[in-house]
Amino acid sequence: MLSSLGLGDGQNMGTTNGKIALDCSVRKTRQGHVCISTTDFFFPLVDSPYLQGRIGAANVLSDLYAEGVGECDFVLMLLAACREMKEEERNICTREMVRGFNDACIEAGTVVTGGQTVINPWPVIGGVATTICSEGEYVKSDGAQVGDVVVLTKPLGTQVAVNVHEWRVRKTPKWAELTKRKILSQEQAEDMMHAAVCSMSRLNRHGGSLMRKYNAHAGTDVTGFGILGHAQNLMDNQREAVGMEIHTLPCIADTPKVEGSGVLDFRLLKGYSAETSGGLMICMKEEDAVEYCKELEELDGEPAWIIGRIIENAHRKARILEDVKVLEIPCTSSS
């Protein structure tokens, strides 16, 4: 749709032919440094405005971490206050969103230095994250090699969990069907949503900072296009003619059961269920991947998984294997 507009100048670093980047704009400054920047925003998917702000920050920062950097120099906040709320409600909601966003930025070791605020029908929060670094202090996203394995740092299924939560709270016919057929209990739905919130609000900072240590060849994060959509985008961006085979899908516990019920096809196991503030998907040698996953779990207290491999493929195709292994990942966080 936009290809005819001639966006970009072919000077982006870390992408094939200098085209517009997957996750971030990576540019050389006039002074010879590298400026990496990204922007995103987050609509309400959770009940708590504080958590909405925290997830919004984690979502923005994730693109930066997908470039193999663990530090963000500063963040600009993009904020929309809800005009449909009463003034007192709007003030409370907006303050809590900003507090959650700022707390996540503090945890990330960065600072909010400015931004823009508007009035909008819905409360929205997001931002622009920027880091300034030198050559060699980030991971280019186009170096996947045949024989690499693929690591994923968060489970899939946030879209399923968030929708089931809304069905349950609103007592919709879909929720009635899930309970009538004994597919899901209220406790299971609550646990599923808790797992999703913990995952979405967890920073990918450690995952990004370890990429250079373990010689990552390429990476992206898994968000709105689903895991297969982002895998395909990553393969389309490689210097070599390579493809990806995904043999394992780690999913939040009970989300595959909802998918298989037929109540609504989220396309979770087909790889196209949208994720919010999802995990990093990284290509690296297997021996490095094993050690990467081990150290990341020590730092985050959550597992990461080897989910696929890079193969020679002239068509640069990413696919999920027919005999894919589905893992159901329970929530291990009490936060």
Item to check | Criterion side-chain contact (heavy atoms from CB on, under 4.5 Å) against Arg309, the qualifying member of Ile306, Ile311, Ile307 | outcome: Ile311
Next on the checklist: Is there a side-chain contact between Leu249 and Leu156 in this structure, where contact means two heavy atoms from C-beta onward sitting under 4.5 Å apart?
Outcome noted: yes
Checklist entry - Are Ile36 and Thr130 close enough, and set up right, to give a side chain to side chain contact (heavy atoms under 4.5 Å, CB included), and what steps lead you there? => result CA-CA 6 Å; Ile36 305 177; Thr130 302; over 6 Å; no
Checklist entry - Thinking salt bridges, do Glu96 and Arg99 make one under a 4.0 Å N-O criterion? => result yes
Item to check | Candidate pair Arg205 and Glu71, rule salt bridge (charged side-chain N to carboxylate O under 4.0 Å, His left out), full reasoning | outcome: CA-CA 8 Å; Arg205 185 184 186 187; Glu71 303 299 329; 3.0 Å; yes
Checklist entry - Between Asp221 (side chain) and Leu280 (backbone), is there a donor-acceptor pair under 3.5 Å? => result no
Checklist entry - Do the side chain of Glu67 and the main chain of Lys140 share a donor and acceptor less than 3.5 angstrom apart? => result no
Checklist entry - Under 4.5 Å between any side-chain heavy atoms of Lys270 and Asp265, yes or no? => result yes
Checklist entry - What heavy-atom pair brings Gly127 and Val60 nearest, and what distance separates the two atoms? => result N-CG2, 3.5 Å
Checklist entry - Does a sphere of radius 6.0 Å around CD in Glu240 hold more than 12 heavy atoms from other residues, nucleotides or ligands, not counting ones at 6.0 Å or beyond? => result no
Checklist entry - Would a 4.5 Å heavy-atom cut-off, applied to side chains only, mark Asp103 and Glu107 as touching? => result no
Checklist entry - For Ile329 and Pro250, which heavy atoms make the closest approach, and how far apart are they? => result CG1-CB, 4.0 Å
Checklist entry - Any side-chain heavy-atom pair from Val124 and Leu79 closer than 4.5 angstrom? => result no
Next on the checklist: When you compare the side chain of His206 with that of Glu298, does any pair of heavy atoms fall below 4.5 Å?
Outcome noted: no
Checklist entry - Quick check: does any side chain N or O of His217 sit under 3.5 Å from a backbone N or O of Asp148, one acting as donor and the other as acceptor? => result no
